[in-house]
K.L.:
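This is the structure, below, for whatever I ask next.
In what follows, residues are counted from 1 in the order of the sequence shown.
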Amino acid sequence: QVQLVESGGGLVQAGGSLRLSCAASGRTFSNYAMGWFRQAPGKEREFVAAFSRSGGTTYYADSVKGRFTISRDNAKNTVYLQMNSLKPEDTAVYYCAQRSKSGRYYYPPNYDYWGQGTQVTVSS
């Protein structure tokens, strides 16, 4: 049974930083690609950042490039999302996800498992 548990969300002022964590269990973490998505009220879930299956390549949405950094610690079965220079438009529920399929890293249906989400609210 794969479980993904996010933490680290909260309320922050614009320009501030947060670091999200996602702890994974249930299968060999290093064998799978990981991603972060977010969903704001009334909007579709959107891609934020991801690792390739090998972990050697990272991908970012244009809206977060240069501000967010995805990283992983295979020893701790954890993936992180460091978010700097936060903007009010970054407000959303953030989800981590894990996939075994190849293909489009930004496409939510390609991910097998999802966490429950953590709320990030950025005030202006």
K.L.:
Distance check, rounded to the nearest 0.5 Å: Cys22 atom SG versus Trp36 atom CH2?
P.N.:
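Result: 5.0 Å between the selected atoms.
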K.L.:
Apply side-chain contact (heavy atoms from CB on, under 4.5 Å) to Tyr94 and Leu81, showing your working.
P.N.:
CA-CA 10 Å; Tyr94 283 70; Leu81 185 68; 4.1 Å; yes
K.L.:
Does a side-chain heavy-atom distance below 4.5 Å link Leu86 with Leu18?
P.N.:
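Contact flag for Leu86/Leu18 side chains = yes.
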K.L.:
Are Asp73 and Thr78 close enough, and set up right, to give a side-chain hydrogen bond (donor to acceptor under 3.5 Å, both in side chains), and what steps lead you there?
P.N.:
CA-CA 5 Å; Asp73 185 336; Thr78 300; over 6 Å; no
K.L.:
Supply the atom-to-atom distance Leu20 CG to Tyr95 OH, rounded to the nearest 0.5 angstrom.
P.N.:
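The CG atom of Leu20 sits 13.0 Å away from the OH atom of Tyr95.
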K.L.:
Rounded to the nearest 0.5 Å, what separation is found between the CG atom of Asn77 and the OH atom of Tyr32?
P.N.:
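So the gap between those two atoms works out to 12.0 Å.
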K.L.:
Strictly below 4.0 Å, N to O, side chains only: are Asp90 and Lys87 in salt-bridge contact?
P.N.:
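Looking at Asp90 and Lys87, the cut-off is not met.
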K.L.:
Is the backbone of Thr57 close enough, under 3.5 Å, to the side chain of Ser52 for a donor and an acceptor to pair up by distance?
P.N.:
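Checked: pair present.
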K.L.:
Closest approach of Gly9 and Thr118, non-hydrogen atoms and distance?
P.N.:
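In terms of heavy atoms, the two residues are closest at N-OG1, 3.2 Å.
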K.L.:
Restricting to non-hydrogen atoms, name the atom on Asn84 and the atom on Ser17 that form the minimum distance, rounded to 0.1 Å.
P.N.:
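The answer is OD1-OG, 2.9 Å.
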K.L.:
Verify the neighbour count for atom NZ of Lys65: are there more than 12 heavy atoms of other residues, nucleotides or ligands below 6.0 Å?
P.N.:
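Yes, because the 6.0 Å sphere around NZ of Lys65 holds more than 12 heavy atoms from other groups.
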K.L.:
Are side-chain heavy atoms of Tyr60 and Ile70 found at a separation under 4.5 Å?
P.N.:
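Side-chain contact under 4.5 Å: yes.
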K.L.:
Does the cation-pi check pass for Arg99 over Tyr105, that is, NZ or CZ under 6.0 Å from the six-membered ring centre and within 45° of its axis?
P.N.:
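Arg99 over Tyr105 ring: no.
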K.L.:
Tell me, with the steps shown, if Arg72 and Thr58 meet side-chain contact (heavy atoms from CB on, under 4.5 Å).
P.N.:
CA-CA 11 Å; Arg72 63 193 293 166; Thr58 54; over 6 Å; no
K.L.:
So among Asn31, Val79, Asp112, Leu4, which one has a side-chain contact (heavy atoms from CB on, under 4.5 Å) with Gln98?
P.N.:
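In the set Asn31, Val79, Asp112, Leu4, the residue that makes a side-chain contact (heavy atoms from CB on, under 4.5 Å) with Gln98 is Leu4.
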K.L.:
After noting the C-alpha distance and the side-chain angles of Phe68 and Val48, does the key distance pass the side-chain contact (heavy atoms from CB on, under 4.5 Å) rule?
P.N.:
CA-CA 9 Å; Phe68 290 12; Val48 176; 3.7 Å; yes
K.L.:
When you group the ILVMFWY residues by side-chain heavy-atom contacts below 4.5 Å and let the links chain together, are Tyr80 and Val120 in the same group?
P.N.:
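No, because Val120 and Tyr80 fall into different hydrophobic clusters, even though each may have its own neighbours under 4.5 Å.
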K.L.:
To the nearest 0.5 Å, what is the distance between CZ (Arg67) and OG (Ser85)?
P.N.:
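So the gap between those two atoms works out to 7.0 Å.
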K.L.:
I need the Gln82 CD to Arg19 CZ distance, nearest 0.5 Å.
P.N.:
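If I round to the nearest 0.5 Å, the distance is 7.0 Å.
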K.L.:
Working to the nearest 0.5 Å, report the span between CE of Met83 and OG1 of Thr69.
P.N.:
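Here the rounded value is 11.0 Å.
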K.L.:
Please check this pair: side chain of Asn110 against backbone of Arg104, looking for a donor-acceptor N/O pair closer than 3.5 Å.
P.N.:
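Looks like yes, one N/O pair under 3.5 Å.
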K.L.:
Okay, side chain of Glu6, backbone of Gln116: is any donor-acceptor separation there less than 3.5 Å?
P.N.:
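The answer is yes, because a donor-acceptor pair under 3.5 Å joins these two groups.
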K.L.:
Under the 3.5 angstrom rule, does the side chain of Thr91 hit a backbone N or O of Val122 as a donor-acceptor pair?
P.N.:
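Yes, Thr91 side chain to Val122 backbone: donor-acceptor pair under 3.5 Å.
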K.L.:
List the steps, then state whether side-chain contact (heavy atoms from CB on, under 4.5 Å) holds for Phe29 with Val2.
P.N.:
CA-CA 10 Å; Phe29 179 75; Val2 174; over 6 Å; no
K.L.:
Ring centroids only, cut at 6.0 angstrom: are Phe47 and Phe37 within range, meaning strictly under it?
P.N.:
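Aromatic pair counts; centres sit under 6.0 Å.
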K.L.:
Under the criterion salt bridge (charged side-chain N to carboxylate O under 4.0 Å, His left out), which of Glu46, Glu89, Glu44 is the partner of Arg38?
P.N.:
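Between Arg38 and the candidates, salt bridge (charged side-chain N to carboxylate O under 4.0 Å, His left out) is satisfied uniquely by Glu46.
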K.L.:
Donor-acceptor pair, distance only, cut-off 3.5 Å: does the side chain of Tyr111 make one with the backbone of Ser100?
P.N.:
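Side chain of Tyr111 to backbone of Ser100, a donor-acceptor pair under 3.5 Å: no, none is there.
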K.L.:
Has Gln3 got more than 12 heavy atoms of other residues, nucleotides or ligands less than 6.0 Å from its CD?
P.N.:
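No, not enclosed.
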